[in-house]
Amino acid sequence: MDQDPRPYEPPASGVNRAVIAVIAAVVLLGAGWWWWQQRAVAPAAPAAPVAVAPVEPVPPTPPAAEPVIQHPIEASADAGARTLPGLDQSDPALKDALTGLLGSKAVALFLQTDGLVRRVVATVDNLGRAHAAPRLWPVVPPGGRFGVQAAGDQTLV
């Protein structure tokens, strides 16, 4: 028969366990006693009150004059004529502005223009949250799933 190369180790006896339990109990009791003593230390006696000279009341300050505007901005002549459209009428105005900036092909390809202002507001509102519903995004989500393509020895994601 083959012999086991490991040396013989007797099984742990109940005496070893009892010694460990007694040591643990002593440590816990000592820590509890120390904590109780720290907690029971009497606070320092309060300092004797110091006499304070009475303070004369401060006369009330006169009300402050309205601040003077140092660099006023003059109102433009057409400022009263231009007003922002209401929320329901703002989508066409924003779409026209984006089309002028990016082009109609890019706007149609990348943006969902129905309810665009509401989608942008919902996206900005969701920035601080853990999840934002993709149906509220102002951009068109990519179709399908993302794939992995292997190139030589490397895997491109």
For this session: Report yes if the side chains of Thr113 and Val107 come closer than 4.5 Å at any heavy-atom pair, otherwise no.
Result: yes
For this session: For residues Ser90 and Pro85, determine if any side-chain heavy atom of one lies less than 4.5 Å from a side-chain heavy atom of the other.
Result: yes
Are [X] and [Y] grouped together when hydrophobic residues (ILVMFWY) are joined by side-chain heavy atoms under 4.5 angstrom apart?
X	Y	value
Val117	Leu101	yes
Leu87	Leu98	yes
Leu116	Leu136	no
Leu94	Phe110	no

Exercise. Is the shortest side-chain N to carboxylate O distance from Asp91 to Arg118 below 4.0 Å?
Worked result: no
Exercise. What pair of heavy atoms forms the shortest contact from Pro141 to Gln112, and how long is it?
Worked result: CD-NE2, 3.4 Å
Could you grab the distance from atom [atom1] of [X] to atom [atom2] of [Y], nearest 0.5 Å is fine?
X	Y	atom1	atom2	answer
Thr123	Leu127	OG1	CG	7.5 Å
Leu28	Ile23	CG	CD1	12.0 Å
Leu111	Leu102	CG	CG	7.0 Å

Problem set entry | Sequence neighbours excluded, every pair satisfying side-chain hydrogen bond (donor to acceptor under 3.5 Å, both in side chains) that has a member inside residues 125-142 | Asp125-Arg129, Asn126-Arg129
For this session: Mark yes or no for whether Arg119, through its side chain, and Val139, through its backbone, hold a donor-acceptor pair below 3.5 Å.
Result: no
Exercise. Taking atom CD1 of Ile69 as the centre, does the number of heavy atoms from other residues, nucleotides or ligands within less than 6.0 Å exceed 12?
Worked result: no
